[in-house]
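Structure record follows, encoded as structure tokens.
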Amino acid sequence: MLDKFGVARALREIGSLLELEGENPFKVRAYETGARALEGLAEDLGRLVAEKRLTEVPGIGEALAGKITSLHTTGRSDTLDKLRARHPPGILELLQVPDLGPRKVAALNAALGVCGLADLEAACRDGRVAGVKGFGERTQARILAGIERVRAQAADRRVLLARALDEAEPLLAHLRGAPGTAAVELAGSARRGRETVGDLDLVAASRDPSALSARLGAYPGAELLARGETKTTARLGSGLQVDLRVAAPEDLATLLHHMTGSKAHHLRLRGLARELGYTLSEWGLHRLPPSGTDPDTPPDPTAKVVVESEEALYRALGLSYVPPELREDAGELEAAGDGSLPVDLVLAEDVRGMVHCHTTWSDGRASLEEMARAAQAMGMEYLTVTDHSPSAGYAGGLSLDRLRRQWEEVDRVQERVRIRLLKGTEADILEDGALDWPDTVLEQLEVVVASVHSRMRMDEEQMTRRLVRAMSAPVFKIWGHGMGRLLGEREAYPVRVEEVLDALAASRGAVEVNGDPRRLDLEPRHLRAAHARGIPVVLSVDAHDVAGLSCLRLAALTARRGWTRRGQVLNTLGATEFAAAVRPSPPTGPP
DNA sequence: GCCGTTTTCGGCCCGACTGTTTTCAGTCG
């Protein structure tokens with residue numbers, strides 16, 4: 001019995017092992033496509049299997065449906081069992097070594113019998129790899145270095161988006177100073193706002209590529225790893241890798257688009273281009289020669305279509321513009337084709353109030369007044385003061401007595417600042433799903449964020465019940481950092497999100513997009529599930545100091561990835577409207 | 001292995017860079 005992620009893993013393993021055997025690359029890709037289709041499944045896998053409707057899913061045909069059914073119901077597949085029997089167990093980890101693909105792994109295994117990282121390392125150290133046909137001393141040294149990196153990366157592979165953006169900014173400024181350079185832009189997963197980033201992808205428009213790569217090499221701490229005519233790779237002092245691609249100014253738009261990805265989005269887009277009689281690459285959009293033309297005929301220089309911008313590229317393919325944050329092949333191309341893609345995705349600039357702020361009253365490091373003045377200086381119209389509640393003892397949670405005294409300070413500070421301060425709390429969701437303030441207190445507050453901070457190792461059933469109860473509370477509450485994940489440190493807790501969202505939709509409340517660089521929670525797919533239920537959203541900073549207020553941009557990127565529109569975000573409202581929208585006390589109905 | 005207004009076969013995205021070659025295969029993104 002495997003869930004959809006387990007089945008997807010098994011399909012990828014089949015694909016990798018087939019690749020190792022030199023199987024048709026398109027067949028190999030079909031397994032990857034199938035795995036992706038499963039992971040993105042909106043419907044329950046069990047139901048699709050039971051109703052024999054798997055082949056209705058694009059990318060899944062008869063053959064994959066059979067294997068998926070077997071893997072889902074029995075946890076096994078004959079194909080996978082046979083493949084595993086033919087290969088030593090450690091062979092797949094060799095594919096993780098940079099510059100080692102299926103062909104080379106197969107060659108090394110055949111010649112030297114290596115079947116694991118330790119084997120391969122030993123073979124490099126005593127020089128046996130260099131003796132294999134197709135390999136040499138340099139390759140052997142690269143493999144050895146690659147093994148080191150695989151091991152290092154196993155601990156800490158990707159960096160947080162916030163860090164990648166912080167590193168990109170001064171580097172971009174540095175490169176823009178290179179002679180003959182018209183533009184340097186950030187691309188890659190950082191531009192798409194992915195929560196973690198493997199490397200920085202930069203693109204540039206320049207008539208003098210070598211000046212630009214020299215400039216990259218001269219960046220303090222940078223080390224050039226590869227340097228070609230149009231592509232340069234470097235490692236920054238921090239260890240972060242940078243890929244810089246250079247094109248002539250007229251090719252910048254297609255290069256930027258290419259390097260922004262995602263790969264899945266590109267695959268679909270290129271297929272679409274081909275259907276319309278074009279071929280798309282980083283070097284532009286070209287009309288295909290008429291079918292039947294000898295493939296060795298040199299390309300027709302007039303076949304190139306002028307593409308001035310990414311917008312123009314999508315337009316040429318009959319699509320509305322797809323912003324970078326949406327380019328994940330998660331339905332955006334279908335929506336861009338039929339005009340249903342949202343055009344008013346929220347921007348950080350749309351936000352008028354800072355939500356979810358801590359102060360020295362609990363575990364914040366800045367005073368209430370410092371936070372208020374900093375938010376005011378950023379142009380904000382209001383700030384919610386949401387310090388921790390009584391059971392958050394570890395975080396200096398407020399007692400009722402201290403909460404009342406905090407209100408007095410809020411009133412005092414309010415007289416000295418223009419920005420409106422809203423009295424709130426970040427209430428703990430207790431083990432049984434109750435909030436840790438009585439309703440009588442909650443109803444006197446102006447904002448309630450409700451979050452889980454303890455007992456996170458419950459099973460899925462318990463956690464779902466707990467959160468369903470919390471989200472069903474009669475007060476209006478904002479579900480704080482919904483899944484409790486800490487990127488690279490702690491997994492999200494197991495919970496049936498959709499049931500929790502159903503409860504929230506039936507009650508009164510909103511979901512938060514938490515901009516803490518380690519959280520970025522709820523994540524995009526769950527945001528889309530919230531939108532589908534009409535649940536409003538707040539972009540929040542969860543700030544514990546003045547610098548934390550700048551997390552707003554990360555919250556906005558994450559919200560955009562979740563297809564969040566401006567009108568769905570409560571803190572794009574003015575202070576009075578926002579306060580009315582989130583007021584915890586239930587509206588007084590007719591008698 | 002999947003797919004179909006080119007529809008049950010014959011396609012399937014495309015180019016840069018490296019190393020070991022001596023004309024190209026493999027890998028990567």
Side-chain angles (χ1 to χ4, degrees), chain A residues 11 14-15 18-20 22-37 54-68 79 94-108 129-143 146 187-189 192 197-203 209 213 224-233 241-247 251 254-255 257-286 288 290-292 295 299 317 329:
Chain A
L11 292 184
I14 293 175
L18 287 175
E19 195 176 17
L20 220 47
E23 198 28 290
N24 175 356
F26 297 107
K27 185 169 170 176
V28 170
R29 190 205 290 169
Y31 280 92
E32 172 63 29
T33 307
R36 272 184 54 85
L54 274 171
T55 53
E56 291 175 14
V57 179
I60 298 178
E62 292 295 337
L64 279 183
K67 293 180 179 78
I68 293 168
T79 312
L94 297 183
L95 288 173
Q96 320 228 342
V97 178
D99 305 319
L100 274 194
R103 313 304 286 260
K104 285 186 178 171
V105 166
L108 287 171
V129 168
V132 178
K133 184 174 160 52
F135 294 77
E137 292 288 343
R138 303 179 69 159
T139 303
Q140 177 171 279
R142 284 174 73 97
I143 291 175
S189 50
R192 301 202 312 279
V197 172
D199 58 12
L200 283 181
D201 291 301
L202 308 181
V203 300
S213 56
L224 288 185
L225 302 178
R227 185 174 176 177
E229 187 61 21
T230 63
K231 178 179 168 180
T232 305
T233 303
Q241 192 166 309
V242 179
D243 283 335
L244 172 66
R245 295 281 300 261
V246 188
D251 289 329
T254 43
L255 179 62
H257 184 268
H258 175 84
M259 293 300 290
T260 297
S262 70
K263 186 168 183 167
H265 179 86
H266 271 258
L267 283 171
R268 288 288 308 281
L269 200 61
R270 287 183 164 169
L272 234 105
R274 186 157 278 273
E275 283 172 26
L276 294 171
Y278 295 106
T279 173
L280 174 65
S281 80
E282 58 264 58
W283 301 122
L285 187 64
H286 294 81
L288 285 168
S291 54
L317 298 174
D329 189 21

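Per chain, numbering begins at 1; letters A, B, ... match sequence-line order. The structure displayed is predicted, hence computed values, not measured ones.
Nucleic acid contact for A:Pro58: sugar-phosphate only, since backbone atoms but no base atoms lie under 4.0 Å from a heavy atom of the residue. Within the nucleic acid shown, A:Val97 comes within 4.0 Å of sugar-phosphate atoms alone, with no base atom in reach, counting heavy atoms only. Looking at heavy-atom distances under 4.0 Å, A:Leu269 makes no contact with the nucleic acid at all.
Distance NZ (A:Lys27) to P (B:dC2): 10 Å, rounded to an integer number of Å.
Close to B:dC14, at under 4.0 Å from its OP1 or OP2, lies no side-chain N or O of A:Lys263. An OP1 or OP2 oxygen of B:dC2 is reached within less than 4.0 angstrom by no side-chain nitrogen or oxygen of A:Thr33. Put simply, A:Thr139 has a side-chain N or O that comes within less than 4.0 Å of OP1 or OP2 on B:dT20. For B:dA16, the OP1/OP2 oxygens have no side-chain nitrogen or oxygen of A:Lys231 closer than 4.0 Å. Checking the phosphate oxygens (OP1, OP2) of B:dC17, no side-chain nitrogen or oxygen of A:Thr233 falls inside 4.0 Å. Neither OP1 nor OP2 of B:dC2 sits under 4.0 Å from any side-chain N or O of A:Arg29. A:Arg274 has a side-chain polar atom (N or O) that falls below the 4.0 Å cut-off from OP1 or OP2 of B:dC14.
Of the possible donor and acceptor atoms, one in the side chain of A:Thr33 sits under 3.5 Å from a partner among the backbone N and O of A:Arg29. Judged by distance alone, the side chain of A:Thr55 and the main-chain N or O of A:Gly61 form no donor-acceptor pair under 3.5 Å. Looking only at distances, a side-chain donor or acceptor of A:His266 sits under 3.5 Å from a matching main-chain atom of A:His257. A donor-acceptor pair is defined here as one N or O able to donate and one able to accept, closer than 3.5 Å; no such pair exists between the side chain of A:Ser189 and the backbone of A:Arg192. Looking only at distances, no side-chain donor or acceptor of A:Glu19 sits under 3.5 Å from a matching main-chain atom of A:Pro102.
Closest contact between the side chain of A:Arg103 and the listed nucleotides B:dC2, B:dC17, B:dT27 involves B:dT27. With B:dA16, B:dC12, B:dG26 as the choices, the nucleotide that has an atom nearest any side-chain atom of A:Lys104 turns out to be B:dG26. Residue A:Pro102 places its side chain closer to B:dT27 than to any other of B:dC12, B:dT18, B:dT27. Among the nucleotides B:dG1, B:dA16, B:dG26, the one closest to the side chain of A:Glu282 is B:dA16. With B:dC28, B:dG29, B:dA16 as the choices, the nucleotide that has an atom nearest any side-chain atom of A:Arg245 turns out to be B:dA16.
When both distances must be under 3.5 Å, the Watson-Crick or G-U wobble mate of B:dT8 does not exist.
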